[in-house]
2 protein chains.
Amino acid sequence: MEEVDHLAHERSKAQFDVDAMKVVWAGSKHALDVADRMARLVASDPVFRKDNRTMLGRKELFKNTLRKAAHAWKRINELHLTEEEASMLRLFVDEPSYVDLHWGMFVPAIKGQGTDEQQKKWLPLAYKMQIIGCYAQTELGHGSNVQGLETTATFDPKSDEFIIHSPSLTSSKWWPGGLGKVSTHAAVYARLITDGKDHGIHGFIVQLRSLDDHSPLPGITIGDIGTKFGNGAYNTMDNGVLQFDHVRIPRNQMLMRVSQVTREGKYLRSDVPWQLLYGTMVYVRQTIVSDASKALSRAACIAVRYSAVRRQFGSQDGGPETQVIDYKTQQSRLFPLLASAYAFRFVGEWLKWLYADVTQRLQANDFSTLPEAHACTAGLKSLTTSATADGIEECRKLCGGHGYLCSSGLPELFAVYVPACTYEGDNVVLLLQVARFLMKTVSQLGSGTQPVGTTAYMGRAQHLMQCKCDVRGAEDWLKPSVILEAFEARAVRLAVNCAQNISKAASPEEGFSELSADLLEAAVAHCQLIIVSKFIEKVQQDIPGHGVKGQLQILCNIYALSVLHKHLGDFLATGCITSKQASLANDQLRSLYSQIRPNAVALVDAFNYTNHYLGSVLGRYDGNVYPNLYEEAWKDPLNDSVVPDGYREYIQPVLKQKFRASRL
Amino acid sequence: MEEVDHLAHERSKAQFDVDAMKVVWAGSKHALDVADRMARLVASDPVFRKDNRTMLGRKELFKNTLRKAAHAWKRINELHLTEEEASMLRLFVDEPSYVDLHWGMFVPAIKGQGTDEQQKKWLPLAYKMQIIGCYAQTELGHGSNVQGLETTATFDPKSDEFIIHSPSLTSSKWWPGGLGKVSTHAAVYARLITDGKDHGIHGFIVQLRSLDDHSPLPGITIGDIGTKFGNGAYNTMDNGVLQFDHVRIPRNQMLMRVSQVTREGKYLRSDVPWQLLYGTMVYVRQTIVSDASKALSRAACIAVRYSAVRRQFGSQDGGPETQVIDYKTQQSRLFPLLASAYAFRFVGEWLKWLYADVTQRLQANDFSTLPEAHACTAGLKSLTTSATADGIEECRKLCGGHGYLCSSGLPELFAVYVPACTYEGDNVVLLLQVARFLMKTVSQLGSGTQPVGTTAYMGRAQHLMQCKCDVRGAEDWLKPSVILEAFEARAVRLAVNCAQNISKAASPEEGFSELSADLLEAAVAHCQLIIVSKFIEKVQQDIPGHGVKGQLQILCNIYALSVLHKHLGDFLATGCITSKQASLANDQLRSLYSQIRPNAVALVDAFNYTNHYLGSVLGRYDGNVYPNLYEEAWKDPLNDSVVPDGYREYIQPVLKQKFRASRL
């Protein structure tokens, strides 16, 4: 095929230094370099091809993923990759597998919850993958409510062992990735019972399969839980079901960093603060926010490029039709998503800092910022994953009919992404936690306790409850202080309204439950404020590179004003802005779309994604979409023959009236 | 497995006659009876099983669909089913196949666009399925803009034939269902050229494959366009690609009802009004609205039942946890969708009437209501399909993690449904057509031309521009007249605002294009008003059955007030209601949720869906979810063996450090 850059004209229009923006997106020159090398390494290796993924049956698909995981491990070792490089390489392999849970959940569980001794024993085995582990928490009947888990771990003082048992069908472990077919070990969460007393949920390291022949150990039943959403997507993963029939493990396989069971069966708390466990949660959710920006930016990259390639209507005098990216309807749906990808990137970067800060404080026994950090990460996890899932689907629709083809990459991206709205805390449950924290913060206002961190603005509640937005012209909506105050006022007013309404209820619990739908909206407003404010902070930093800062300013304003437009009801109902000001915000938004338009393709180029990672014919770097869509089509197994399998049995008899004989 | 109705307690709480509601939902006693018989017929026939669908590879899947289609045809003939019964049977087979396009597009194309003579020749063949047809309109590079199609049909007066040709890669026909592997014929849309003159797009009947051995005829290249979104979903369909290399067809295979080419090559318009073609569009879109209510009601049925089964948090003193349907957060997401399913059902019923009315008028050469009917069906198609696609995904999320399993039925329902947002008119393009019609209507206000049908309210623009909502207490929001006026005022104000802003632009076209995002919102407001008003009209009819009307009234109010809440920005920005009134609407909504709660399960029972049609373990009638989820899991092919295929090659070497030799 000819090598022409069909998007060259778009690229030539960019008003900023794309290479400098790549560094901003990656976080640093070093991070860009590592990502770039690993992405190319994966893209150039035929074992890692992805284009055939959606055509494979479940078994073939799964086996092929095992092959990729093994090959990746081989390459990681052969090339002596650093931990950073290895994790980047796994990212670009871009296929869910047991490896994710081994490194992302099993190893951290041991690190976070194991004693020094336990870490010394288990971590080297895990690091070398001499054992492969998963994280067995959720059960068939129990998801979000961890305290409701049924699996028991009963201490038997006679043998110095725990007996792990599944007392019911609903107590079957269900969902853990890597469990179904691969893991040899699991971090299992169960109710600890000593001497008839239930101490609640604790973690245990349990060996599941023989290291000789991989068969499940006695008393252990394991299987895969079946097909999931999407063609490839998470069907490459062996999410599993697990039942224990009185399985015995040594006492020292309880993860004992925070609490212990002694040889005599005594239950003790160690002097390690239990709050440390929250630190892990902050860490995991921070990575989820960072993944959200990756997923949304991939979708936006595909949709932006194809919107520049695709033409529809508006042909004048037989000339070419209009590029769909030039339609305001397309811009008003697409550019807010592009801006969101950048917004989530920067808030994710900030969360990384927050995690480091929290960790440092925890080590110094300072727990003062933990509740705020916990609420903030929970809320941002919820908000960014919901917006990303919806955004990917919106990008698919923005690609018209062809977005429905797997070769567009978007159906897979959606199906593989959406579980993020549910795992590691259901998004609604998390927002309610944020709301609870906000209500507590409101109740303490005026008590002398100053709100900290991302809730600091609530300390100015008195001002924010009655301030008036002073926008008089559309250009006023470009001022960070104006935007910030509008978002702060909206968040504080929604929260205070909720608190006032709750106080009218028979009891706070009843009020909270009755008003929970409103509370969700207050929590969303708080989280959107965080994102807006972190984007503004980012843009106020020194950012090198011709025009880079200017583009980020535009994106920041698009993000803020499009959120304002979408949630206009909040801003108006709380009197934060007037209808006239809302209309001016809309005018400004249209103008911002026009400003970003010539830079759109370059702004997605800045993500520096390879064609392999994007996995989308519509999102190809060179924009040469149609010949490649055509070529992809012929690879479908159905095209192995011109006359389909089944013709003689099921088509010919219809055409030849074989089924109508009775009537003729 | 024990036969217990786990939802019996829920059913006993219902405050209305479910059987009477079944009749309301079905439309009539007769319709209910037919649907019931056909649903049971399909459910009891093992050939029609669906539960294994998501585990099959593409080829097996497709062959199995051919088998079902042939079997359905056999049964239709054996049982001498009526047309109504046959189409119900096809509905319950619930698997996209070539049959849909043959009956839904190919036959109607001949009926609508063929001359009497052509109908006489082709329809009997099609009715007996001696030929199988598809509808070949969209091309690789051309979707929404039909006038941009590139395929040519050039009249050759020497041979009295048309030469059908694909002049470029982008002119390849692309997407037609049934084309790839099955259809023997197609209605092909191409630019008609006579004597060097281009007459625009016309339809032609073209034979594609030999009726002897099914191979493509000379000059014709056909294939399948590849995998699409979802596991089964539209992968059961052979959406196809088709290229013509100077393929000749007889002149009499141009569909000549509206315009003709004579033996001499003269292009003539017949005396049949071209507007008749619009009638077909109204018909097709009306069926799409009716399908939307089916799809959304299925999803709502699954989510409501599982929300009653599932318990999470809130256990007191070790008792059972709270049913998730009792949480306000669940109710505020779920019940508006349940109400929407009913709302779409009734507006669909009304559209059927509208189609009959339009047809009658057309036959009497009365075209006066056509533009309004066309705008109205276009808008309702757009609105209901978008809301349904989003609603199915929301229902999936409302089922928590298990909604991600294919055995929940929801991933498939989503993937098979979403194309409805794109086919038969992209939803955004359609809304812009509505907006254009609204702008025209506004411009004619005061000119003496009275707006008709669903735009009649615009005749009261003067009042609606300045009326004030007189809600003073939450109970005022139950008055149909109050709701109606608020929706009318919002719609008219948004439309008039747009018109005023457009008039400030350099030209109307420029203004329309610049403000198109606002115009979409005005179009949505207009369409939501239609749905609300048709629901209100329905509820004002005589409806037999204990408590039935009362439930519908509650659902109608939930629909209206939840739409109001979602689009609060519109209502406030246009001054239709005050913040205080918005807050009262919210209070009323919460109260309505409490009222519908005890009836929720019975309200989805009223859809009368079989377990087979629902295809969801979570939505089972008996609520016996967990043992069945467990059983389903073991059917996955990955569970054929305990140790997975690939263990020796790809897992054992990792565990045994085979890849680390270089480093050790």
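Worth saying up front: this structure is predicted, and the values here are computed from it rather than measured. Convention: sequence-line order gives letters A, B, ...; per-chain numbering from 1. The figures that follow rest on heavy atoms only: side chains count, while hydrogens, waters and symmetry mates do not.
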Residues, nucleotides or ligands: over 12 heavy atoms within 6.0 Å of B:Lys635 NZ:
yes

Would you indicate whether the side-chain heavy atoms of A:Tyr630 and B:Gln243 approach each other to under 4.5 Å?
yes

Can you tell which part of A:Leu572 gets under 4.5 Å to a heavy atom of chain B, answering side chain, backbone, both or neither?
both

Under a 4.5 Å heavy-atom cut-off, does chain A meet the side chain of B:Arg396, its backbone, both or neither?
side chain

Under 4.5 Å between any side-chain heavy atoms of B:Glu393 and A:Glu393, yes or no?
no

Is B:Arg209 in contact with chain A via its backbone, its side chain, both, or neither, using a 4.5 Å heavy-atom distance?
side chain

Close side-chain approach of A:Gln130 and B:Val654, heavy atoms under 4.5 Å:
no

So which heavy atom on B:His214 is nearest to which on A:Val643, and how close?
O-CG2, 3.8 Å

Any non-hydrogen side-chain atom of A:Pro216 less than 4.5 Å from a side-chain atom of B:Val642?
yes

Heavy-atom contact with chain B under 4.5 Å, split by part of A:Ser332:
side chain

Looking only at B:Ala233, B:Gly180, B:Gly646, most heavy-atom pairs under 4.5 Å shared with chain A are made by B:Gly646

Is A:Thr322 in contact with chain B via its backbone, its side chain, both, or neither, using a 4.5 Å heavy-atom distance?
neither

Proximity breakdown for A:Phe62 and chain B, heavy-atom pairs closer than 4.5 Å:
side chain

Side chain, backbone, both or neither: which part of B:Lys566 has an atom under 4.5 Å from a heavy atom of chain A?
neither

On a heavy-atom basis, which atom in B:Lys328 and which in A:Ser516 lie closest, and how many Å separate them?
CB-OG, 3.3 Å

Mind checking whether A:Phe659 and B:Met129 have side chains closer than 4.5 Å, heavy atoms only?
no

Check the pair A:Lys397 / B:Asp390 against salt bridge (charged side-chain N to carboxylate O under 4.0 Å, His left out), numbers first and verdict last.
CA-CA 12 Å; A:Lys397 291 204 184 107; B:Asp390 293 350; 3.7 Å; yes

Chain A contact via B:Ile651 - which portion, at a heavy-atom distance below 4.5 Å
side chain

I'd like to check B:His142 versus A:Glu321 (side-chain heavy atoms, cut-off strictly below 4.5 Å). Are they in contact?
yes

Measure the CG-CG distance between A:Asp224 and B:Leu638 for me, rounded to the nearest 0.5 Å.
4.5 Å

By a 4.5 Å heavy-atom criterion (distance strictly below it), what part of B:Asn239 contacts chain A: side chain, backbone, both, or neither?
neither

Answer key: most heavy-atom pairs under 4.5 Å with chain B among A:Gly403, A:Pro419, A:Ala517 is A:Pro419

In A:Asn231, A:Asn235, A:Thr54, the residue satisfying side chain to side chain contact (heavy atoms under 4.5 Å, CB included) with B:Asn231 is A:Asn235

Does the distance from a Lys or Arg side-chain N to an Asp or Glu carboxylate O, for A:Arg67 and B:Glu649, drop under 4.0 Å?
no

At a 4.5 Å cut-off on heavy atoms, which part of A:Thr138 comes close to chain B: side chain, backbone, both, or neither?
neither

State, to 0.1 Å, how close B:Trp175 and A:Gly401 come at their nearest heavy-atom pair, and which atoms those are.
CZ2-O, 3.1 Å

State, to 0.1 Å, how close A:Tyr650 and B:Leu66 come at their nearest heavy-atom pair, and which atoms those are.
CB-O, 3.6 Å

Counting only heavy atoms closer than 4.5 Å, note whether B:Pro637 contacts chain A via side chain, backbone, both or neither.
both

Under 4.5 Å heavy-atom distance to chain A, tell me which part of B:Leu432 shows up: side chain, backbone, both or neither.
side chain

What part of B:Gln331 lies closer than 4.5 angstrom to a heavy atom of chain A: side chain, backbone, both or neither?
neither

Just so I understand: if I count every heavy-atom pair under 4.5 Å between each of B:Gly575, B:Ser172, B:Gly569, B:Ser594 and chain A, which residue has the most?
B:Gly569

At their closest point, which heavy atom of A:Ile131 faces which heavy atom of B:Leu655, and how far apart are they?
CA-CD2, 4.0 Å

Within the 6.0 Å centroid threshold, strictly below: B:Phe414 and A:Phe414
yes

Could you label the plane-to-plane angle of the A:Trp174 and B:His402 rings as parallel, tilted or perpendicular, counting under 30° as parallel and over 60° as perpendicular?
perpendicular

What I want to check is whether the side chains of B:Asn586 and A:Asp518 have a donor and an acceptor closer together than 3.5 Å.
yes

For A:Leu519, is it the side chain, the backbone, both, or neither that has a heavy atom closer than 4.5 Å to a heavy atom of chain B?
neither

Under a 4.5 Å heavy-atom cut-off, does chain A meet the side chain of B:Thr184, its backbone, both or neither?
side chain

Does some side-chain heavy atom of B:Thr422 sit less than 4.5 Å from a side-chain heavy atom of A:Tyr404?
no

Side-chain contact test, heavy atoms from C-beta onward, threshold under 4.5 Å: evaluate it for A:Asn639 versus B:Lys181 and give yes or no.
yes

Salt-bridge criterion met for A:Asp645 and B:Lys59 (N-O under 4.0 Å)
no

A:Gln652, part contacting chain B, at a heavy-atom distance under 4.5 Å:
side chain

Heavy-atom distances under 4.5 Å only: say whether A:Ala582 touches chain B with side chain, backbone, both or neither.
neither

Ignoring hydrogens, what is the shortest heavy-atom contact between B:Thr227 and A:Met55? Give both atom names and the distance.
OG1-CG, 3.5 Å

Is it the backbone or the side chain of B:Ser408 that comes under 4.5 Å from a heavy atom of chain A, or both, or neither?
neither

Count the heavy-atom pairs under 4.5 Å between each of B:Leu568, B:Thr329, B:Ile132, B:Asn145 and chain A, then report the option with the highest count.
B:Asn145

From the list B:Val182, B:Leu405, B:Leu520, B:Ile225, the residue making the most non-hydrogen contacts under 4.5 Å with chain A is B:Leu405

What part of B:Thr65 lies closer than 4.5 angstrom to a heavy atom of chain A: side chain, backbone, both or neither?
neither

When the 4.5 angstrom heavy-atom criterion is applied to A:Leu629 and chain B, the contacting part is both

Can you tell me if NZ on A:Lys656 sees more than 12 non-hydrogen neighbours from other groups inside 6.0 Å?
yes

